[in-house]
Amino acid sequence: DSCTSEPHRDIYYKRLTALPPPSTESGGVNLLRLFKSYWNNKPANDMAAGDFALYSTYDDALEGTNAWTYCNYSTTSYGFPRDCAPTGAVQHQWNSYANSLGYANHHAFYVELPQ
């Protein structure tokens, strides 16, 4: 297994607000970079501000139940989800293409488009 924390083996990021513009535009964001190695809350990627929610199951994400309550950001070498977790910080469960300190070495990102 990749992550040592069970809730971190499958994480569902549910976007609640419009995506920020791509990084080629003013104030934009590179989503792949954000998830791979630069988990940041600016621009418009802040759980506390209601931009997104994290869940441990797909059904919870669809229903909007049991959302994670803790998330932190602002690093130039840690990717998703940094120390975010269901109830409090859990370290080293992130992926990174910038350093080798995280445990999420086997991961994938999937996008489901709205219907």
Look at the side chain of Arg9 and the backbone N and O of Cys3, then say whether any donor-acceptor pair between them is shorter than 3.5 Å. yes
Shortest non-hydrogen contact from Gly50 to Leu16? O-CB, 3.3 Å
Find the distance between CG (Asn95) and NE2 (His107) and round it off to the nearest 0.5 Å. 4.0 Å
Do Phe80 and Val29 share a hydrophobic cluster (ILVMFWY, side-chain heavy atoms under 4.5 Å, transitive)? yes
Donor-acceptor pair, distance only, cut-off 3.5 Å: does the side chain of Arg15 make one with the backbone of Ala18? yes
Polar side chain donor-acceptor pair, Trp68 to Ser56, under 3.5 angstrom: yes
If you round to the nearest 0.5 Å, how far is CE of Met47 from OH of Tyr70? 9.5 Å
For Thr69, enumerate each residue passing the side-chain hydrogen bond (donor to acceptor under 3.5 Å, both in side chains) test, keeping only those at least two apart in sequence or located in another chain. none
Ring geometry between Phe52 and Tyr13 (parallel below 30°, tilted from 30 to 60°, perpendicular above 60°): parallel
Assess the pair Trp94 and Tyr78: is the distance between their ring centroids shorter than 6.0 Å? yes
From OH (Tyr58) to NZ (Lys14), nearest 0.5 Å: 9.5 Å
Decide whether Asp60 and Asn66 meet the rule of one side-chain donor and one side-chain acceptor closer than 3.5 Å. yes
Do Leu31 and Leu19 have side chains that approach each other closer than 4.5 Å (heavy atoms only, starting at C-beta)? yes
Between Gln93 (side chain only) and His8 (backbone N and O only), is there a donor and an acceptor less than 3.5 Å apart? no
Would you check if the side chain of Tyr55 reaches a backbone N or O of Glu63 as a donor-acceptor pair within less than 3.5 Å? no
Okay, side chain of Asn45, backbone of Asn40: is any donor-acceptor separation there less than 3.5 Å? yes
Residues joined to Tyr38 in its hydrophobic cluster, side chain to side chain under 4.5 Å directly or through other members, sorted by chain and number, are none
Main chain of Asn72, side chain of Asp83: is a donor-acceptor contact present, judged purely on distance under 3.5 Å? no
With rounding to the nearest 0.5 Å, note down the distance linking CZ in Phe35 to OH in Tyr97. 12.5 Å
Quick check: does any side chain N or O of Asp51 sit under 3.5 Å from a backbone N or O of Asp46, one acting as donor and the other as acceptor? yes
Checking the side chain of Ser96 only, and the main-chain atoms of Gly79 only, is there a donor and an acceptor separated by less than 3.5 Å? no
Could you tell me whether a side-chain N or O of Arg82 sits under 3.5 Å from a main-chain N or O of Cys84, the two making a donor and an acceptor? no
